[in-house]
**Q** 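Please read through the structure below; I'll follow up with questions.
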There are 2 protein chains.
Amino acid sequence: MLDIEAAQGTTDISSARLSRLSGFSAPQVRRDLAYFGSFGKRGVGYSVRGLRDAIGTILGMDQPMNLAMVGVGNLGRALLAYRGFARQDSQFVVAFDADARKIGSTVAGVSVEPVGKMGRLLREHDVRLAIIAVPATQAQDVLDDLVGAGIKAILNFAPRVLEAPDDVMVSNVDLAVEVEYLSYSLANR
Amino acid sequence: MLDIEAAQGTTDISSARLSRLSGFSAPQVRRDLAYFGSFGKRGVGYSVRGLRDAIGTILGMDQPMNLAMVGVGNLGRALLAYRGFARQDSQFVVAFDADARKIGSTVAGVSVEPVGKMGRLLREHDVRLAIIAVPATQAQDVLDDLVGAGIKAILNFAPRVLEAPDDVMVSNVDLAVEVEYLSYSLANR
DNA sequence: GGGTGTGAAACTCTTCACAGCG
DNA sequence: CGCTGTGAAGAGTTTCACACCC
């Protein structure tokens with residue numbers, strides 16, 4: 001969103017404009033931003049550049065975040081190549097797969113390693129966030145390995161409820177849920 | 001979640017157990033379910049089978065929902081093959097791509113058609129929900145075409161804010177946002 | 001004038017506690 | 001007895017309105 005404005009050369013943006021772009025109400029936008037500090041100028045709006053930097057800092061994206069991908073099937077490949085990640089300072093540093101034929105290959109500039117080396121390589125590369133893109137049947141095993149390697153944040157794309165210790169955050173992206181939500185919305189106008 | 005229980009032969013499930021599996025509190029589960037009707041038996045719990053059917057009906061998944069995929073790159077391919085969708089009665093009936101070399105091929109049993117035929121084929125196949133998995137630069141054009149073809153529900157995977165008429169629902173799956181959320185959670189314990 | 005930041009009101013959502021039924 | 005369904009209390013969130021500053 002802020003990228004669009006930056007690309008258009010806009011330097012300042014009002015909460016009203018952010019409202020239109022984001023779908024949140026203008027007072028909402030102001031309150032949420034004010035929660036983290038005073039970023040805006042009265043009578044002018046928010047500096048696009050300043051806002052982006054501030055949000056980056058708040059999200060902890062100002063310092064690089066090393067990511068690992070587990071599973072290099074279609075989905076893993078797509079995610080490795082996904083443009084959205086590149087805009088932040090997060091980056092994939094290593095990928096893993098169980099298929100011996102894929103080991104040693106490179107996908108989107110990231111080398112594919114055997115799952116057996118996960119523990120060691122995750123520590124070596126200082127990976128703090130891992131993404132699970134393996135078949136549902138293997139997802140829990142992968143999660144257990146990741147937890148064993150000290151990973152505290154996991155993004156799971158496998159359509160399965162996974163068990164994890166309380167101090168490990170697991171965020172599920174269940175693509176079917178999105179379709180269900182839209183289906184429900186269609187059925188109820 | 002309910003699939004897990006069904007697979008284990010469990011016939012009834014309590015709100016307490018659903019709470020552990022879903023992460024929502026037990027009263028929360030009960031209230032949400034009660035909102036749609038009385039599905040549970042006091043002293044016993046909810047029938048797994050009954051619940052699944054009821055939820056399916058509520059979501060409008062009891063009748064088939066035809067889906068179209070626009071964009072057959074890595075992400076489109078991954079989504080077409082995604083297991084999660086198959087469990088419901090939703091199904092992909094057609095896919096589109098701008099690349100002439102892909103036209104006529106079949107991905108996960110779905111034939112790839114030229115984007116130029118989108119309007120006609122969407123109507124022919126009675127598609128009501130389309131998924132956008134094209135590069136960000138082309139996403140808005142695709143959305144406009146879909147809207148022109150009468151599609152009222154769109155799931156967008158391109159990392160871009162899209163403009164759509166008020167009566168068209170656009171659900172964005174921004175994969176970067178998920179990483180940002182976990183990154184923020186990591187930074188703030 | 002224009003747009004932020006924020007107190008106060010309105011609203012929604014969550015939790016608690018328990019009556020009541022199987 | 002065990003667990004649902006739900007009124008009432010509590011917490012959190014959104015909206016409104018406007019003082020204040022650029």
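Numbers restart at 1 for each chain; the letters A, B, ... are given by sequence-line order, proteins then strands.
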**Q** Rounded to whole Å, how long is the line connecting atom CG of A:Leu18 with atom C1' of C:dG3?
**A** 12 Å
**Q** Can you tell me how far P of D:dG2 sits from CG of B:Asp12, to the nearest Å?
**A** 16 Å
**Q** Verify the contact: side-chain N or O of B:Ser25 to OP1 or OP2 of C:dT15, cut-off strictly under 4.0 Å; return yes or no.
**A** yes
**Q** Is the base of C:dG3 touched by the side chain of A:Arg17 through a donor-acceptor pair closer than 3.5 angstrom?
**A** no
**Q** Tell me the interatomic distance from B:Leu51, atom CG, to D:dT4, atom C1', rounded to whole angstroms.
**A** 12 Å
**Q** Of the nucleotides D:dT14, C:dC16, C:dG5, which has the atom closest to the A:Ala34 side chain?
**A** C:dG5
**Q** Without decimals, in angstroms, what is the distance between A:Phe24 CZ and D:dC16 P?
**A** 17 Å
**Q** Answer yes or no: does a side-chain N or O of A:Tyr46 lie under 4.0 Å from OP1 or OP2 of C:dG5?
**A** yes
**Q** Check if the side chain of A:Arg31 and the base of D:dT13 share a donor-acceptor pair of N or O atoms closer than 3.5 Å.
**A** no
**Q** Could you check whether any side-chain heavy atom of B:Leu186 comes within less than 4.5 Å of a side-chain heavy atom of B:Leu182, counting everything from C-beta outward?
**A** no
**Q** Quick one: does B:Leu143's side chain get under 4.5 Å of B:Ile154's, heavy atoms only?
**A** yes
**Q** Closest nucleotide of DNA chain C for B:Gly43 versus for A:Gly37: which of these residues is on the 5' side?
**A** A:Gly37
**Q** Within less than 4.0 Å of OP1 or OP2 of C:dT15, is there a side-chain N or O belonging to B:Gln28?
**A** yes
**Q** Should A:Asp126 and A:Asn66 be marked as a side-chain hydrogen bond (donor to acceptor under 3.5 Å, both in side chains) after you check the CA-CA gap, both sets of side-chain angles, and the distance that decides it?
**A** CA-CA 7 Å; A:Asp126 190 30; A:Asn66 291 337; 4.6 Å; no
**Q** Could you state the CZ-C1' distance from A:Arg30 to D:dC16, rounded to the nearest angstrom?
**A** 10 Å
**Q** Check if the side chain of A:Arg42 and the base of C:dG1 share a donor-acceptor pair of N or O atoms closer than 3.5 Å.
**A** no
**Q** Just to confirm, is there a sub-4.0 Å distance from OP1 or OP2 of D:dC3 to any side-chain nitrogen or oxygen of B:Ser15?
**A** no
**Q** Is the closest side-chain heavy-atom distance between B:Val110 and B:Val93 below 4.5 Å?
**A** no
**Q** In whole angstroms, how far is the C1' atom of D:dC20 from the NZ atom of A:Lys41?
**A** 17 Å
**Q** Using a 3.5 Å distance criterion without hydrogens, assess whether the side chain of B:Thr10 forms a donor-acceptor pair with backbone atoms of B:Asp12.
**A** no
**Q** Using whole Å, what does the distance between atom P of nucleotide C:dG2 and atom CD1 of A:Ile13 come to?
**A** 18 Å
**Q** From OH of A:Tyr35 over to P of D:dG12, roughly how many Å is that when rounded to an integer?
**A** 11 Å
